[in-house]
Number of protein chains: 2
Amino acid sequence: MSTTARRRHGRIGEKLHDVLSARYHWWRCERCESAGEQTRLLLLEAAFREIHEQGFQAASLSRILKDTGVTKGALYHHFPNKQALGYAVVDEIIATTLRERWVKPMQEANDPIVTFITLLQEEGKQIDEEMVRLGCPLNNLSQEMSPIDAGFKSRLESIYDEWREAIAQALRRGQGHGQVRPSVNVEKAAIFIVASLEGCLGSAKVAQSIDVLHACGTGLIHYLKSLHT
Amino acid sequence: MSTTARRRHGRIGEKLHDVLSARYHWWRCERCESAGEQTRLLLLEAAFREIHEQGFQAASLSRILKDTGVTKGALYHHFPNKQALGYAVVDEIIATTLRERWVKPMQEANDPIVTFITLLQEEGKQIDEEMVRLGCPLNNLSQEMSPIDAGFKSRLESIYDEWREAIAQALRRGQGHGQVRPSVNVEKAAIFIVASLEGCLGSAKVAQSIDVLHACGTGLIHYLKSLHT
DNA sequence: GTTTATACATACCAATCGGTATGTTTGTCA
DNA sequence: TGACAAACATACCGATTGGTATGTATAAAC
């Protein structure tokens with residue numbers, strides 16, 4: 001049985017898609033409509049990791065191919081060029097992850113400040129050394145590509161807008177419920193909250209220290225509490 | 001008169017070194033001990049700009065040589081490799097600029113909070129569109145190189161440490177003078193101040209908007225005022 | 001005037017990059 | 001069972017990269 005055949009027909013079953021597709025590229029994904037779609041997702045995830053580790057410009061297609069076992073012909077069958085691969089990573093991985101972890105919880109929040117602090121603490125617990133070293137994928141890509149590529153810039157800016165908007169809306173609802181001081185400019189507050197969160201992740205990355213992350217998080221929490229009535 | 005000879009002997013006189021060395025590479029710098037030192041500084045400044053615009057890894061030595069009119073032989077006479085050139089940019093340009101603009105003023109501050117807010121506003125005025133597009137050189141280089149190069153990491157981290165230390169010391173003096181609330185943990189506050197300032201610059205860079213920068217600065221000022229007694 | 005080190009200048013190199021052209025395998029549908 | 005398109009696989013390409021080897025001009029010392 002050839003490697004190619006195994007990649008297309010093999011099955012495992014129960015385990016998580018993310019783990020499998022990252023580790024066993026011969027696993028046939030049930031969620032995928034076709035075998036081609038599976039290869040595409042495999043490439044997307046590998047590209048995400050490569051970009052997270054090296055940055056977009058330094059990300060090597062050859063290395064992605066080596067890591068996945070996919071050939072260059074396959075890659076260029078699914079993506080017209082490196083830029084399109086990068087855009088797909090932003091749209092299909094970074095944007096969706098942020099929506100799931102940060103936007104949705106804020107949209108469903110009863111108390112915006114309590115919710116955000118809880119979110120900070122829960123996400124903070126999940127961050128390991130590897131994550132501290134590499135930093136926030138959204139921030140990394142934004143800082144690198146926004147000034148030099150309009151396609152990246154518009155995509156990444158939309159993500160930030162969505163995030164800030166969710167926070168601002170939640171803060172405004174909080175004002176209605178008497179949880180947030182009426183004098184607070186919710187749009188400006190949202191801008192600062194997102195900026196300082198990214199700043200904290202960046203500081204922790206430079207220091208490669210979870211302690212710095214938590215110390216910085218404390219400051220952000222103090223600011224958030226200062227918005228409370 | 002050959003280009004080489006003009007570069008070594010030419011003189012102009014009164015004007016500023018920075019402007020001259022950037023525009024007229026044949027100007028003989030009085031501050032420089034030797035003709036070689038002048039070429040070295042010319043390369044350093046060009047490298048700083050190239051790194052600021054492209055990032056370190058994407059920075060092209062060929063482009064630096066093209067911009068300055070210096071040849072490859074001259075570059076490798078002054079710097080053993082690209083990495084050493086990058087380190088020199090950090091040590092001799094980025095570190096000194098930060099000390100001058102942010103560390104010294106805080107060391108000499110009477111009221112740390114008032115001083116920092118004033119500093120924010122004054123530096124904020126000087127930031128033009130080009131600066132918003134390219135972002136903070138210190139932050140850019142830190143985010144790009146810290147995870148992948150120990151030499152960059154230690155240099156950049158030292159700069160941040162020095163900066164935070166100056167802020168923390170100033171806040172502590174402020175506590176002594178009754179200007180800063182005694183309950184404030186000055187080290188953690190300094191970490192958060194630096195982080196959110198860099199975060200604000202990063203947010204403005206992604207949005208390529210001075211408005212975002214000022215909105216974000218407002219948030220930081222609110223936080224700083226919350227430290228006041 | 002000769003020597004010597006500094007300060008370049010020119011030509012070249014292997015490695016890697018993103019991208020392309022062309023050939024082959026596979027699943028599907030008639 | 002044959003046709004056909006989707007899904008790859010292999011080989012190759014020009015451009016650019018950081019780096020090196022070698023040659024030359026200049027200023028200062030003797």
Side-chain angles (χ1 to χ4, degrees), chain A residues 1-10 25-26 28-29 32-44 46-47 50-51 54-89 145 148-149, chain B residues 1-10 25-26 28-29 32-44 46-47 50-51 54-89 145 148-149:
Chain A
M1 200 177 190
S2 75
T3 305
T4 305
R6 274 176 46 222
R7 188 179 306 134
R8 296 228 176 104
H9 300 293
H25 63 265
W26 43 265
R28 177 67 161 83
C29 165
C32 308
E33 295 169 10
S34 66
E37 191 66 16
Q38 183 193 352
T39 304
R40 209 188 95 98
L41 283 181
L42 181 61
L43 285 168
L44 266 185
E50 173 76 5
I51 292 171
Q54 311 283 339
F56 177 75
Q57 296 179 93
S60 159
L61 298 183
S62 326
R63 219 177 292 135
I64 292 173
L65 299 177
K66 205 173 157 191
D67 290 348
T68 55
V70 175
T71 62
K72 192 164 268 193
L75 194 157
Y76 276 90
H77 172 75
H78 289 287
F79 303 96
N81 49 40
K82 189 188 180 184
Q83 189 186 51
L85 177 61
Y87 288 176
V89 165
M145 298 307 294
I148 58 178
D149 185 297
Chain B
M1 199 180 191
S2 75
T3 305
T4 305
R6 276 181 39 225
R7 189 179 305 135
R8 297 226 176 104
H9 301 292
H25 64 266
W26 43 266
R28 178 65 161 83
C29 167
C32 306
E33 295 169 11
S34 65
E37 190 66 16
Q38 182 192 354
T39 304
R40 210 189 96 98
L41 282 181
L42 180 62
L43 285 168
L44 265 185
E50 173 76 6
I51 292 171
Q54 311 282 339
F56 177 75
Q57 295 178 94
S60 161
L61 297 183
S62 325
R63 219 177 292 134
I64 293 174
L65 299 176
K66 205 172 155 191
D67 290 348
T68 54
V70 174
T71 62
K72 192 163 270 193
L75 194 156
Y76 277 91
H77 172 74
H78 290 286
F79 304 96
N81 51 40
K82 188 187 179 185
Q83 191 187 50
L85 176 61
Y87 288 176
V89 166
M145 298 307 295
I148 58 178
D149 185 297

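Letters go in sequence order (proteins before strands), and every chain restarts at 1.
With rounding to whole Å, Ile64(A) atom CD1 is found 14 Å from dG19(C) atom C1'. When rounded to the nearest whole Å, the span between CD of Glu37(A) and P of dG27(C) equals 17 Å. The interatomic distance linking Leu42(A) (CG) with dC8(D) (C1') rounds to 13 Å, in whole Å. For Leu75(B) and dG19(D), the CG to C1' distance is 11 Å, given to the nearest whole Å. Remark: C1' of dT6(C) and OH of Tyr76(B) are 20 Å apart, rounded to the nearest angstrom. For Arg63(B) and dG18(D), the CZ to P distance is 9 Å, given to the nearest whole Å. Summarising the geometry, the separation between CG on Leu43(B) and P on dA7(C) is reported as 13 Å, rounded to the nearest angstrom. Atom pair His77(A):NE2 and dA21(C):P shows a separation of 17 Å (rounding to whole Å applied).
Of the side-chain N and O atoms in Ser62(A), one or more sit less than 4.0 angstrom from OP1 or OP2 of dC17(C). Residue His78(A) has a polar side-chain atom (N or O) positioned under 4.0 Å from OP1 or OP2 of dC8(D). Within the 4.0 Å cut-off from OP1 or OP2 of dA7(C), not a single side-chain nitrogen or oxygen of Thr39(B) is found.
The distance from the CG atom of Leu44(B) to the OG1 atom of Thr68(B) is 11.5 Å, given to the nearest 0.5 Å.
Not counting sequence neighbours, Phe79(B) has no partner by the ring-ring contact (aromatic ring centres under 6.0 Å, His included) test. Qualifying side-chain hydrogen bond (donor to acceptor under 3.5 Å, both in side chains) partners for Tyr76(A), counting only residues two or more places apart in sequence or in other chains: none.
Here the closest heavy-atom approach between residue Gly86(B) and residue Ile51(B) is recorded as CA-CD1, 4.4 Å.
In terms of modelled atom types and a separation under 3.5 Å, the side chain of Lys72(A) and the main chain of Leu61(A) share no donor-acceptor contact.
Toward the 5' end of DNA chain C, the nearer of the two residues Ala58(A) and Pro80(A), judged by each one's closest nucleotide, is Ala58(A).
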Give me the distances for all protein-to-nucleotides 10-13 of chain D N/O pairs that come in under 3.5 Å?
none

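Residues His77(A) and Thr39(A) fail the side-chain proximity criterion, which asks for heavy atoms closer than 4.5 Å.
The salt bridge (charged side-chain N to carboxylate O under 4.0 Å, His left out) contacts involving residues 56-65 of chain B comprise Glu50(B)-Arg63(B), where partners must be two or more places apart or lie in separate chains.
Counting non-hydrogen atoms under 4.0 angstrom, Ala59(B) reaches the backbone sugars and phosphates but no base.
Proximity note for Ser60(B) (side chain, C-beta onward) versus dT17(D), dG19(D), dC8(D): the nearest is dT17(D).
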